[in-house]
*Asks:* 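Just dropping this structure here.
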2 protein chains.
Amino acid sequence: MIKTGLFENIAEVSDEARNAFIGYLEEIQAEKGYKLEKAGEVSNYLFYIAQGSARSFYIRDNRDITVSFSLEGEFVTAMHSFITRSPSYETIETLEKSLLYRISYENLQRCFQEFQDLERVYRIILEKYYIALEEQMIFSKFKSAKERYLELMEKKPKIIQRASVGHIASFLDMTIETLSRVRSKI
Amino acid sequence: MIKTGLFENIAEVSDEARNAFIGYLEEIQAEKGYKLEKAGEVSNYLFYIAQGSARSFYIRDNRDITVSFSLEGEFVTAMHSFITRSPSYETIETLEKSLLYRISYENLQRCFQEFQDLERVYRIILEKYYIALEEQMIFSKFKSAKERYLELMEKKPKIIQRASVGHIASFLDMTIETLSRVRSKI
DNA sequence: ACCCTGCCTTGACAAAAGTCAAAATATCAA
DNA sequence: TTGATATTTTGACTTTTGTCAAGGCAGGGT
């Protein structure tokens with residue numbers, strides 16, 4: 001069952017806690033371009049991507065800048081907004097037809113109050129996301145445009161296929177022209 | 001009392017949990033250049049900086065690259081290593097004489113087992129650090145060398161005084177020459 | 001098929017930042 | 001204070017990436 005795939009590779013959770021959590025999940029069949037979160041609104045859900053993919057982006061100075069891609073098996077939300085309960089600066093949209101599960105902020109907090117195991121699971125997920133972000137940041141400091149592209153190809157090849165050149169370029173912090181040149185010289 | 005400053009602005013913690021946590025803390029009077037964590041070793045402590053400051057850095061391709069500065073009132077550890085229990089790639093050192101408190105990984109886990117409030121506090125701290133990292137990452141995507149410097153001056157002016165040009169430059173992802181030129185034109 | 005339209009690629013040039021080397025300045029110990 | 005050493009600044013030049021403009025290519029609707 002896909003819903004429980006959520007818990008794979010994560011610390012042990014009691015059946016009770018697991019069932020409570022699953023009980024709160026809502027399934028979403030999302031078409032390509034479905035907006036999980038919208039800039040200007042408070043992020044009210046934590047999403048789990050069972051199938052498909054998504055990208056998070058900011059609009060600033062009329063530029064659309066992708067800050068992350070999320071794939072199957074990952075959680076995603078507009079973290080800043082979700083945590084601070086203030087309007088989001090970012091928008092999150094699916095890159096393709098996707099199967100999502102979401103839990104609301106309130107219900108997640110309710111889970112934490114009731115089940116310490118779930119708070120622990122969430123904490124461990126947060127830790128993983130933190131170190132992933134740290135790695136991404138460090139890697140971007142050491143690499144040239146070409147190396148950044150090669151690393152993305154290696155680590156998230158699926159992104160290369162599904163995202164547009166514009167999305168990939170802004171994610172890798174270069175222009176589409178530079179990306180185009182990089183690709184032509186591989 | 002400084003130790004309890006740790007808990008300010010953080011969710012309510014029961015006296016019992018607070019005392020247990022404080023009981024595990026070790027005080028460290030660190031001179032300038034004291035190594036909190038060393039590359040190649042597993043990070044065993046979470047540090048709280050009561051007074052002073054620190055920087056985390058990587059050595060790669062013979063370059064010393066600063067990835068973060070930490071100030072009074074902040075927690076710091078080589079997060080990747082601390083979480084995964086594998087050797088650290090980063091080294092953390094004080095930038096000046098500092099007063100630190102540290103708790104070992106084992107004792108922190110013990111606290112989490114015993115007191116849900118402490119796991120919650122840790123979770124909330126993690127959340128704050130996550131969004132801070134996210135912001136730092138996003139901001140670096142939008143800004144030029146000069147803007148990055150101006151933003152650092154505004155947000156962490158203390159760093160400008162205490163860290164060397166080399167540290168600041170690598171943190172801001174530019175060479176010391178570029179930084180020097182940026183500074184001369186303000 | 002045809003023309004849109006949007007997206008991607010290519011080219012010429014410009015701007016930003018990096019590299020290397022030398023000079024200036026600061027730091028520190030004797 | 002002086003000299004030795006390390007750090008910072010400055011200058012000339014190179015490399016990388018960005019900008020602007022033109023052209024190519026693919027898919028959708030008529």
Side-chain angles (χ1 to χ4, degrees), chain A residues 31-33 53 55 57-67 69 93-97 136-153 157-186, chain B residues 31-33 53 55 57-67 69 93-97 136-153 157-186:
Chain A
E31 290 307 308
K32 176 177 176 170
S53 52
R55 80 172 182 114
F57 62 100
Y58 282 58
I59 304 285
R60 206 135 112 190
D61 310 334
N62 269 321
R63 290 187 297 158
D64 167 327
I65 302 208
T66 298
V67 293
F69 292 109
E93 64 178 18
T94 53
L95 287 172
E96 61 192 307
K97 196 168 183 243
Q136 193 184 331
M137 186 139 173
I138 288 152
F139 125 85
S140 70
K141 293 206 179 216
F142 283 94
K143 311 263 176 162
S144 67
K146 180 168 185 173
E147 290 170 317
R148 295 201 297 282
Y149 179 72
L150 290 175
E151 180 135 348
L152 179 65
M153 266 185 71
K158 208 178 142 181
I159 294 302
I160 310 283
Q161 281 124 41
R162 308 218 186 148
S164 75
V165 173
H167 299 158
I168 295 169
S170 70
F171 176 68
L172 295 175
D173 215 1
M174 64 184 84
T175 60
I176 51 177
E177 291 93 336
T178 297
L179 177 55
S180 180
R181 286 171 186 129
V182 160
R183 296 175 96 151
S184 71
K185 278 175 213 138
I186 293 178
Chain B
E31 290 307 308
K32 175 175 176 171
S53 52
R55 78 171 183 116
F57 62 99
Y58 282 60
I59 303 286
R60 205 136 112 191
D61 310 334
N62 268 323
R63 289 187 297 157
D64 165 328
I65 302 208
T66 298
V67 293
F69 291 109
E93 65 178 18
T94 52
L95 286 172
E96 61 192 307
K97 196 167 183 243
Q136 191 184 331
M137 186 141 174
I138 288 153
F139 125 87
S140 70
K141 292 206 178 216
F142 283 94
K143 310 263 176 162
S144 67
K146 181 168 186 174
E147 290 171 315
R148 295 200 298 281
Y149 179 72
L150 290 174
E151 179 134 346
L152 179 64
M153 266 187 71
K158 208 178 141 180
I159 293 303
I160 310 283
Q161 281 124 41
R162 308 216 189 149
S164 75
V165 173
H167 300 158
I168 296 170
S170 70
F171 176 68
L172 294 175
D173 215 1
M174 63 183 84
T175 60
I176 52 177
E177 292 93 334
T178 298
L179 177 55
S180 179
R181 283 171 187 129
V182 160
R183 296 175 95 149
S184 71
K185 278 176 211 137
I186 292 179

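Reminder, nothing fancy here: chain letters follow the sequence lines and each chain counts from 1.
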*Asks:* Flag yes if more than 12 heavy atoms outside A:Lys32 fall under 6.0 Å of its NZ atom; otherwise flag no.
*Replies:*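 Open: at most 12 neighbouring heavy atoms sit under 6.0 Å from NZ of A:Lys32.
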*Asks:* Assign a letter to each nucleotide of nucleotides 14-29 of chain C from its 5' end: B, base within under 4.0 Å of a protein heavy atom; S, sugar-phosphate only; -, no contact.
*Replies:* ---SSBB---------
*Asks:* Can you give the donor-acceptor pairs under 3.5 Å from side chains of residues 179-186 of chain A to other protein atoms, not counting sequence neighbours?
*Replies:*
from     : atom 1 : to       : atom 2 : distance (Å)
A:Arg183 : NE     : A:Tyr149 : OH     : 3.2
A:Ser184 : OG     : A:Arg181 : O      : 2.8

*Asks:* Is there any salt bridge (Lys or Arg N to Asp or Glu O under 4.0 Å) pair reaching into residues 139-148 of chain A, and which pairs are they, with sequence neighbours excluded?
*Replies:*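 Matches after skipping sequence neighbours: A:Lys143-A:Glu151.
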*Asks:* Under the 3.5 angstrom rule, does the side chain of A:Thr94 hit a backbone N or O of A:Glu31 as a donor-acceptor pair?
*Replies:*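 Pair found, side chain donor or acceptor close to backbone of A:Glu31.
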*Asks:* With sequence neighbours excluded, tell me which residues meet ring-ring contact (aromatic ring centres under 6.0 Å, His included) with B:Phe69.
*Replies:*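 Counting only residues at least two positions away or on another chain, B:Phe69 forms a ring-ring contact (aromatic ring centres under 6.0 Å, His included) with B:Phe171.
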*Asks:* Using the heavy-atom set of chain A and a strict 4.0 Å cut-off, write down the first and last nucleotide of DNA chain D that makes it in, 5' to 3'.
*Replies:*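 The contact span of chain A on DNA chain D goes from D:dT17 to D:dC20.
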*Asks:* Are there more than 12 heavy atoms of other residues, nucleotides or ligands under 6.0 Å from atom NZ of B:Lys97?
*Replies:*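 No, because the 6.0 Å sphere around NZ of B:Lys97 holds 12 heavy atoms or fewer from other groups.
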*Asks:* Could you give the distance from CE (B:Met153) to CD1 (B:Ile159), rounded to the nearest 0.5 Å?
*Replies:*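 Going from the CE atom of B:Met153 to the CD1 atom of B:Ile159 covers 13.0 Å.
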*Asks:* Please round to the nearest 0.5 Å and tell me the distance separating atom OG of A:Ser140 and atom CG of B:Asp173.
*Replies:*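 That separation rounds to 6.5 Å.
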*Asks:* Please check if the side chain of B:Thr66 supplies one atom and the backbone of B:Ser170 the other of a donor-acceptor pair under 3.5 Å.
*Replies:*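 Flag not set: sc B:Thr66 to bb B:Ser170 has no pair under 3.5 Å.
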*Asks:* Note down the inter-axis angle between the two ends of the helix from C:dA1-D:dT30 to C:dA30-D:dT1, five pairs each, to the nearest 10°.
*Replies:*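 Answer rounded to 10°: the end axes differ by 40°.
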*Asks:* What is the distance, to the nearest angstrom, from the CD1 atom on A:Ile168 to the P atom on C:dC7?
*Replies:*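 Nearest whole value for this atom pair: 14 Å.
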*Asks:* Quickly work out the A:Asp64 CG to C:dC7 C1' distance and round it to whole Å.
*Replies:*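 It is 14 Å, rounded to the nearest whole Å.
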*Asks:* First locate atom CG of B:Leu95, then atom CD of B:Glu93, and finally report the distance between them rounded to the nearest 0.5 Å.
*Replies:*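 So the gap between those two atoms works out to 6.5 Å.
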